[in-house]
Amino acid sequence: MTIGILGGGQLGYMLALAGYPLGLHFRFLDPSPEAPVGRIATRITAPFNDDSALKKFAAGLELVTYEFENVPVETARFLAERVPVLPPPAALEAAQDRLNEKRLFQKLGIAIAEFAEVADREALDAAVKQIGLPAILKTCRMGYDGKGQWILRTAEDVSRARNELPEANALGKHSDSEAQQHTPFVLERLVPFTRELSVLAVRGRTGETAVYPLVENHHRGGILRLSLAPAQQLDRAVQQAAEDAARRVLDALHYVGVLAIEFFEHEGRLLANEMAPRVHNSGHWTIEAAVTSQFENHLRAVVGLPLGSTNAIGCSAMLNLIGDVPEPAEVLAVRDAHLHLYGKSPRPGRKLGHVTLRASSPEQLASRLGELPSYFHRPEFSLEAVLRQSASARR
Ligand code: AMP
């Protein structure tokens, strides 16, 4: 059985690695000739809008899934006329636009930060008046890893951002409904959150669901650096709220596969920030530290196999290797450390691999984190802060 995957980055790479033991074969489509999956599977290098390449890609496939949420919805729909596409293209559509996403969360009764649409430069002042400062301005589409965002704390920040926004005329705003379709920015209240959490959930073809424990995430410059799984010091009610939210989204979209939702924990409550209709960086720990990895469960779901247990095995930390990588021998000298290198050439800001550390208790995890080589003691990992925090939690 051959599965087609749109996008050939590290998520696709790890999907294939999880799928080979299940007897699955893979074919990838990615516009970049550098896509790392070329090392381990058939790869078609073509733009997502190349119809003849899409037909060639789809020929003989059992189904198509994706590892990149900015695959054009038209590409997914074009393929869906030929072969099942899972998760359904409607999930891509909901996740590609922050406004669609927020409206879906609201419709399903999932709490989010207060927000206002910002159609153009002229609309920014009214939005700031409504939301207040500090706030965060985000592009509705194509933003990822903190790109396309401006934090607004002062009136000067607002005027600087205003100059970067397009004028109303530049957007070709002809009618209200058209303006609404193309709303390019959203202004959100800057949430003074306690921490960031994410949930990974999976829904199978027959509607059964399973949810992983919540994960605590530490970002720097909008990029995930470190995840702790399961999140420590977690209220049972918070885990329950995350599971309820995930199941509501999965069911509403008739979803099949793994879905991630990122939250802010604020005053003991969860506010949903965004979702990703795919396997997710904050789920990489599941490879070694859950009974079934997110990658295997995604494949089980789309193929129609029973889902595997989402229980964690002990506790773990996942650290992203960004821009450059540490000396493998120094990482692997730490007990229960696992190294994953994606085979990508180094470039600043690029995710090149990750390390997962496993332990049987939070205390043991903290001590193993402390043993990591100097690479991980750079400020961007917030490792010292995480260790301080976990020490004070235990006191
Ligand atoms: P996003 O692209 O929405 O995931 O945002 C990237 C990062 O910016 C998040 O992981 C947060 O650290 C921060 N961030 C985004 N939105 C907000 C918000 N409304 N309040 C506070 N921090 C935010």
Side-chain angles (χ1 to χ4, degrees), residues 11 68-70 92 94-106 110-118 124 127-128 130-154 157-158 161 164 183-200 214-229 231 242 245-246 249 259-284 318-320 322 349-351 354 379-383 385-386 389:
L11 299 176
F68 174 59
E69 78 265 33
N70 286 322
L92 268 184
Q96 278 178 1
D97 187 300
R98 289 187 191 274
L99 264 178
N100 287 350
E101 202 171 69
K102 287 179 189 304
R103 289 190 182 121
L104 176 70
F105 288 144
Q106 282 182 319
I110 299 168
I112 57 175
E114 204 188 331
F115 74 98
E117 302 175 28
V118 180
L124 183 61
V128 169
Q130 183 189 330
I131 302 299
L133 293 179
I136 179 164
L137 181 68
K138 302 179 178 177
T139 52
C140 280
R141 303 182 72 90
M142 300 302 281
Y144 65 96
D145 284 347
K147 295 194 174 71
Q149 305 193 352
W150 298 262
I151 292 183
L152 312 181
R153 295 184 190 279
T154 62
D157 293 340
V158 176
E164 294 199 35
T183 301
F185 296 90
V186 62
L187 186 75
E188 290 173 22
R189 189 166 80 84
L190 196 70
V191 180
F193 53 76
T194 330
R195 58 180 170 172
E196 295 187 73
L197 299 168
S198 62
V199 74
L200 279 116
L214 272 164
V215 178
E216 174 177 328
N217 299 314
H218 293 261
H219 295 84
R220 193 44 103 84
I223 306 184
L224 180 67
R225 298 287 169 160
L226 183 148
S227 294
L228 297 170
V249 175
L259 169 92
I261 307 181
E262 296 182 64
F263 298 97
F264 303 126
E265 189 181 31
H266 177 50
E267 295 176 341
R269 281 180 72 222
L270 289 180
L271 297 174
N273 178 32
E274 60 178 1
M275 66 181 192
R278 55 166 171 77
V279 287
H280 193 257
N281 196 169
S282 68
H284 291 359
M318 189 286 310
L319 302 102
N320 270 337
I322 295 170
R350 200 173 203 201
K351 290 177 181 167
H354 73 269
E380 54 267 34
F381 284 103
S382 316
L383 195 53
V386 168
Q389 187 184 309

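No experiment lies behind these values; they were computed from the predicted model shown. Whatever order the structure lists them in is the order used to number ligands and atoms, beginning at 1.
Taking every non-hydrogen atom of Glu196 and a distance limit under 4.0 Å, the qualifying atoms of ligand 1 come out as 9 (C), 10 (O), 11 (C), 12 (O). Here is the list of ligand 1 atoms found below 4.0 Å of a heavy atom in Asn273: 1 (P), 3 (O), 4 (O). Each of the atoms 1 (P), 2 (O), 3 (O), 5 (O), 6 (C), 8 (O) of ligand 1 lies under 4.0 Å from some heavy atom of Gln149. Each of the following atoms of ligand 1 lies closer than 4.0 Å to a heavy atom of His219: 10 (O). Taking every non-hydrogen atom of Lys138 and a distance limit under 4.0 Å, the qualifying atoms of ligand 1 come out as 3 (O), 15 (C), 16 (N).
The 12-atom threshold is not exceeded at CZ of Arg269, counting heavy atoms of other residues, nucleotides or ligands nearer than 6.0 Å.
To the nearest 0.5 Å, the span separating NE2 on His218 from CE on Met318 amounts to 11.0 Å. Considering NE2 of His284 and CG of Leu11, their distance stands at 5.5 Å, rounded to 0.5 Å. In this structure, CZ in Arg220 is found 8.0 Å from CZ in Arg225, a value given to the nearest 0.5 Å. Of the inter-residue distances, the one linking Arg103 atom CZ with Glu101 atom CD reads 12.0 Å to the nearest 0.5 angstrom.
Looking at Leu190 against ligand 1, both its backbone and its side chain come within 4.0 Å, counting heavy atoms. By the criterion of a heavy-atom distance under 4.0 Å, the side chain of Arg98, and not its backbone, is placed next to ligand 1.
Selection from Ile151, Val191, Asn217 by nearest heavy atom to atom 21 (C) of ligand 1 gives Val191.
Polar contact with ligand 1: absent for Ala113 (N/O pair, distance under 3.5 Å). Remark: ligand 1 and Glu262 share no N or O pair separated by less than 3.5 Å (distance only, no angle test).
Taking the side chain as every heavy atom from C-beta outward, Leu133 and Thr154 never approach each other to under 4.5 Å.
Just one of Asn281, Asn217, Asn320 meets the side-chain hydrogen bond (donor to acceptor under 3.5 Å, both in side chains) condition when paired with Ser227; it is Asn217.
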